[in-house]
Each structure stands twice: as C-alpha cells, then as structure tokens.
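To keep things clear, I will list the structure first and then write my remarks on it.
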Amino acid sequence: MRKLVIILLHLMLLTPGYSLYGQEEGGGGKKVGQAGFKFMDVTIGARAAGMGEAFSLIGDNADAIFCNPAGIAQMDDKKFDLTLCKVTWIVETSVNALGLVSNLGTFGNLGFSILYTDYGDVIGTRYEPDSASGYSETGLLDLGSYAAGISYARRLTEKFMIGGNVRYAYEHLGSSPFANNIARDSTWSKKNETHTIVYDIGTIFYPGFKSLRVGMSIVNFSTAVRYAYEEGRTNSFTMPLTFKMGAAMDVLDFLGEHPDYSLLVDFELVHPRDYAKRYHLGGELSILKILKLRAGYKFGYDEEGLCFGTGINTANIKLDYSYNEFGVFDFVNRVSLGLSF
C-alpha cells in the first residue's frame with residue numbers, strides 16, 4: 001500500500017508538470033521572451049551553481065529551498081541551518097539571498113527564504129524630438145525586486161520526501177512618463193510595479209538501489225501578472241515556470257565502503273516555459289568530508305556551459321565558491337556561507 005501511494009503521488013505531480021507547458025516548441029523555436037520576473041530564475045547557492053545546477057536531488061540543507069524544497073527534509077542531523085549567498089550577476093547586477101531551515105523532528109522541517117536583486121545605477125531617458133540626441137535623461141531609475149516566503153518538507157516514508165514553497169514576489173522597474181499629446185501640456189507617470197504569489201513543489205524518492213535517488217520539481221508556478229502601461233490597456237506575462245526531473249547517486253558505491261570520500265553525480269532534464277529543453281550534468285567530489293571539488297555542464301544554453309566550484313566544510317561552517325562561464329558576459333561568481341547547529 002505504501003509503495004502504491006508513492007507511485008500515485010509521483011504520477012499526480014508529474015502529469016501537471018508536463019501539461020503546464022501544453023504545446024511543445026515547433027519548427028526549431030525556443031519560446032523566448034515568454035516570462036517575466038527573471039530574477040527568480042537566477043541560480044542561488046554556490047554549491048548548486050558549481051555543479052551546473054544539477055542539484056535538485058542532492059541538496060540537503062537550506063540551499064535546497066531554492067532548487068527543490070523536498071531536499072530540506074533530508075536535513076536530519078541538525079536543528080538549524082542558515083545559508084547566505086551573493087551572486088555577482090551580469091551587467092553589473094547582483095542577487096543576494098538568505099535561507100533558514102529548522103528541523104522540527106517528526107513534524108517535518110520548516111524554512112524561510114528571501115532574495116533580492118540589486119540592479120545598480122540605471123539612468124532613465126525620455127523621448128525628446130527637439131534635442132540633438134533625440135532624448136533627455138530623467139535621472140536614476142528606482143528599481144527593485146525581491147521574493148520572500150516559507151517552506152515546508154517532510155519524509156512521508158524513509159524513502160520518499162515531499163516539500164513546497166509559498167513565496168510573495170514583487171518587482172518595481174521605475175516609472176513610465178506619459179503625455180496627453182505631442183505638445184505635452186499635460187504629463188503624468190505610472191509606476192511599473194507588480195506582485196504575485198509563487199508556488200514551488202518537489203519530491204525525492206530513494207528506490208533502494210545503493211544511494212540512487214530520483215525526483216522532480218516544479219518552481220515558479222503562478223498566475224499571470226501585469227504592469228499598467230497606459231490607461232485602458234494592460235500587458236500580462238507569466239512567471240519563469242520550470243519543470244525538472246532527474247536522478248542522482250554516489251557512484252563510489254560501486255567500489256564498496258568509502259566513509260571518507262564520495263562522488264555525487266546528478267543528471268537532470270530541465271523544461272523551462274520560455275526556452276527549449278535543457279540538460280544539467282554535475283558532480284561533487286568530497287575528500288575527507290572537508291574539501292569539496294565540483295564541476296558541471298549546462299547543455300542547451302546560448303551562453304552558459306562549463307561550471308566549476310569548490311567548498312570547505314567544517315562541523316558548523318560551510319564556505320562555497322563557484323565560477324560559471326557566461327559567453328559574451330564573461331563569467332558569473334557566486335559565494336555562499338553556511339552555518340548550522
């Protein structure tokens with residue numbers, strides 16, 4: 001009976017995961033430009049990024065909140081886990097995040113997270129047909145975006161875990177000026193801001209073959225959101241909904257007992273709403289449970305590809321770094337600090 005329940009849960013979760021996308025891209029199209037709130041698509045966590053984002057089935061602490069919330073149910077040996085991450089993103093922007101998980105024992109694990117984007121200094125402009133340049137500067141734009149929410153995950157059995165996030169997401173992209181006619185004898189502005197509630201759900205299942213685990217996640221599920229651009233008209237867009245499924249395992253299991261070393265390998269199929277299918281492959285070598293060496297590759301991307309990372313773990317402190325190539329944007333750095341007790 002227990003196995004039947006597990007199978008049914010997976011079928012219930014997997015079926016809507018595919019139906020969310022409906023039509024598959026045709027004619028070689030990549031479905032680009034179909035989602036907003038792209039700051040929520042940025043990978044959080046240097047450990048995950050160093051493995052090429054092949055992390056949904058490996059995360060076992062607060063880092064898992066941002067990849068597959070079911071992973072926080074694997075945090076069995078600690079009462080609290082805190083992670084801080086800074087992403088030096090492209091075009092002089094950055095994303096900062098905090099995740100916290102509390103182990104409630106038989107009641108499951110409860111988490112909290114927040115992330116926000118620093119867009120740096122962006123100068124606004126306005127169309128001015130009478131000026132030599134054709135525009136005039138309006139000063140620095142007031143830009144901001146953040147998401148905050150709670151997470152919960154629990155082991156339904158020793159082999160099956162399920163978890164979810166509920167997050168409030170907000171974005172403010174300055175203001176748009178308007179005029180009633182070409183003479184501009186009456187002008188006004190409207191704020192480009194919007195907000196929504198976002199849901200994530202994920203599962204992890206250990207079928208019983210060594211350390212093999214399989215699972216899936218659906219992140220950034222929400223209704224369409226919109227900005228008001230002018231009176232009487234609105235444009236709506238969807239969130240960067242993404243479905244992932246894959247498998248992971250410590251491949252050193254085939255060599256027998258290895259208490260001081262491990263080599264985790266994770267492979268995932270990624271199906272985003274606004275692009276064609278992608279694939280993530282990554283690995284993490286653990287030496288004496290202290291030093292971590294990571295590498296991964298992201299298949300199907302225009303700019304991204306190779307990923308590298310490293311980390312040092314002590315009893316209560318973790319420090320991780322990742323380097324990700326990003327084509328014409330050179331590279332992206334991430335640094336994460338973790339505390340647990």
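This structure is a prediction, so every number in the text was calculated from the model and none was measured.
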Intermediate values then yes/no, side-chain contact (heavy atoms from CB on, under 4.5 Å), Leu252 and Phe254: CA-CA 5 Å; Leu252 294 187; Phe254 293 107; over 6 Å; no
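- Contact of the Tyr323 side chain with the Asn333 side chain is registered, since non-hydrogen atoms from C-beta on lie closer than 4.5 Å.
- The closest side-chain heavy-atom distance from Leu212 to Tyr206 is not below 4.5 Å.
- In summary, of the residues considered (Leu57, Val270, Leu269), a side chain to side chain contact (heavy atoms under 4.5 Å, CB included) with Met245 occurs for Leu269 alone.
- Using a 4.5 Å heavy-atom cutoff, the side chains of Ile162 and Leu156 are in contact.
- Side chain of Thr83 to backbone of Asp63: no donor-acceptor contact under 3.5 angstrom is found.
- The neighbour count for Leu288 CG, taken as heavy atoms of other residues, nucleotides or ligands under 6.0 Å away, is above 12.
- In this structure, NZ on Lys244 lies 6.0 Å from OG on Ser217, to the nearest 0.5 angstrom.
- Summarising the geometry of Val219 relative to Cys67, their closest heavy-atom pair is CG1-O, 3.9 Å, with the distance given to 0.1 Å.
- Sorted by first and then second residue, the ring pair (Phe, Tyr, Trp, His ring centres under 6.0 Å) pairs involving residues 131-152 (not counting sequence neighbours) are Tyr146-Tyr170.
- The backbone N or O of Asn165 lies less than 3.5 Å from no partner atom in the side chain of Ser151, so there is not a single donor-acceptor pair.
- Looking at every heavy atom in both residues, Ala46 comes nearest to Cys85 through N-SG, 4.3 Å.
- Cluster note: Leu264 groups with Met51, Phe55, Ile58 through ILVMFWY side-chain heavy atoms spaced under 4.5 Å, whether in direct contact or through intervening members.
- Contact check for Met40 versus Val198: side-chain heavy atoms found under the 4.5 Å cut-off.
- Between Phe221 and Leu241, the shortest heavy-atom distance links the atoms CA-CD1, 3.6 Å.
- His258 contributes atom NE2, which lies 10.5 Å from atom OG of Ser286 (distance to the nearest 0.5 angstrom).
- Here Arg213 pairs with nothing under the salt bridge (charged side-chain N to carboxylate O under 4.0 Å, His left out) rule; sequence neighbours left out.
- Note that NE2 of His172 is 7.5 Å distant from CG of Leu143, once rounded to the nearest 0.5 Å.
- Put simply, the side chain of Leu281 does not reach to within 4.5 Å of the side chain of Asp266, judged on heavy atoms.
- Residue pairs meeting the ring pair (Phe, Tyr, Trp, His ring centres under 6.0 Å) criterion with at least one partner in residues 83-104, sequence neighbours excluded, are Trp89-Phe326.
- Among pairs with a residue in residues 305-317, none fulfils side-chain hydrogen bond (donor to acceptor under 3.5 Å, both in side chains), at least two apart in sequence or across chains.
- Both Tyr321 and Leu306 belong to a common hydrophobic cluster when Ile, Leu, Val, Met, Phe, Trp and Tyr are linked at side-chain heavy-atom distances under 4.5 angstrom.
- Hydrophobic clustering of Ile, Leu, Val, Met, Phe, Trp and Tyr side chains at less than 4.5 Å, counting indirect connections, keeps Tyr199 apart from Ile150.
- Note on residues 307-320: pairs passing salt bridge (charged side-chain N to carboxylate O under 4.0 Å, His left out), not counting sequence neighbours, are Asp81-Lys318, Arg294-Asp320.
- Contact check on Lys191 versus Asp142 returns no salt bridge, with no Lys/Arg side-chain nitrogen under 4.0 Å from an Asp/Glu carboxylate oxygen.
- Side-chain polar atoms of Glu268 and Ser56 form a donor-acceptor pair below 3.5 angstrom.
- Closest heavy-atom contact between Arg155 and Gln74: NH2-CA, 3.9 Å.
- Checked by atom type, the side-chain pair Arg334/Asn324 shows a donor-acceptor distance below 3.5 Å.
- For the residue pair Thr196 and Ser222, the shortest heavy atom distance occurs at OG1-OG, 2.7 Å.
- Judged by distance alone, the side chain of Glu325 and the main-chain N or O of Phe331 form no donor-acceptor pair under 3.5 Å.
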Donor-acceptor contacts under 3.5 Å from residues 96-114 side chains, at least two apart:
unit_1: Asn96; atom_1: OD1; unit_2: Lys86; atom_2: NZ; d: 3.3
unit_1: Asn103; atom_1: OD1; unit_2: Gly105; atom_2: N; d: 2.8
unit_1: Asn103; atom_1: ND2; unit_2: Met75; atom_2: O; d: 2.9
unit_1: Asn103; atom_1: ND2; unit_2: Lys78; atom_2: O; d: 3.2
unit_1: Asn109; atom_1: ND2; unit_2: Ile72; atom_2: O; d: 2.5
unit_1: Asn109; atom_1: ND2; unit_2: Met75; atom_2: O; d: 3.3

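- Using a 4.5 Å heavy-atom threshold, the side chains of Glu284 and Leu263 count as separate.
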Residue pair Asp41, Thr242: steps toward the side-chain contact (heavy atoms from CB on, under 4.5 Å) verdict: CA-CA 9 Å; Asp41 226 6; Thr242 303; 4.0 Å; yes
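- Partners of Lys79 under the side-chain contact (heavy atoms from CB on, under 4.5 Å) rule, at least two apart in sequence or in another chain, do not exist in this structure.
- A continuous path of hydrophobic side-chain contacts links Leu115 to Val225 [ILVMFWY only; heavy atoms under 4.5 Å].
- In terms of modelled atom types and a separation under 3.5 Å, the side chain of Asn220 and the main chain of Pro240 share a donor-acceptor contact.
- For Thr43 (side chain) and Ala49 (main-chain N/O), no donor-acceptor pair under 3.5 Å exists by modelled atom type.
- Under the salt bridge (charged side-chain N to carboxylate O under 4.0 Å, His left out) criterion, Glu171 pairs with no residue, sequence neighbours left out.
- In this structure a side-chain-to-backbone donor-acceptor pair under 3.5 Å is present from Thr157 to Lys159.
- Other residues, nucleotides and ligands place no more than 12 heavy atoms under 6.0 Å from the CD1 atom of Ile312.
- Rounded to the nearest 0.5 angstrom, Phe205 CZ and Phe160 CZ are separated by 8.5 Å.
- There is no side-chain donor-acceptor pair under 3.5 Å between Ser94 and Thr88.
- The two residues Gly202 and Ala70 have their closest heavy-atom pair at O-CB, 3.3 Å.
- Separating the CE atom in Met216 from the CG atom in Asn68 is a distance of 8.0 Å, to the nearest 0.5 Å.
- Contact check for Phe37 versus Phe237: side-chain heavy atoms found under the 4.5 Å cut-off.
- Summarising the geometry, atom CZ belonging to Phe66 is positioned 6.0 Å from atom CD1 belonging to Ile44; distances are rounded to the nearest 0.5 Å.
- By the 6.0 Å contact criterion, CD on Glu303 is enclosed, its count of non-hydrogen atoms from other residues, nucleotides or ligands being greater than 12.
- In this structure, Ile218 and Asp200 have side chains that are not in contact, with every pair of non-hydrogen atoms separated by 4.5 Å or more.
- Within 6.0 Å of NE2 in His195 there are 12 or fewer heavy atoms belonging to other residues, nucleotides or ligands.
- With sequence neighbours excluded, no residue satisfies side-chain hydrogen bond (donor to acceptor under 3.5 Å, both in side chains) with Tyr297.
- Residue pairs meeting the salt bridge (charged side-chain N to carboxylate O under 4.0 Å, His left out) criterion with at least one partner in residues 111-122, sequence neighbours excluded, are absent.
- The side-chain hydrogen bond (donor to acceptor under 3.5 Å, both in side chains) test applied to Asn61 returns no partner, not counting sequence neighbours.
- Proximity of the aromatic rings of Tyr301 and Phe299 is defined here by a centroid distance below 6.0 angstrom, and this criterion is not met.
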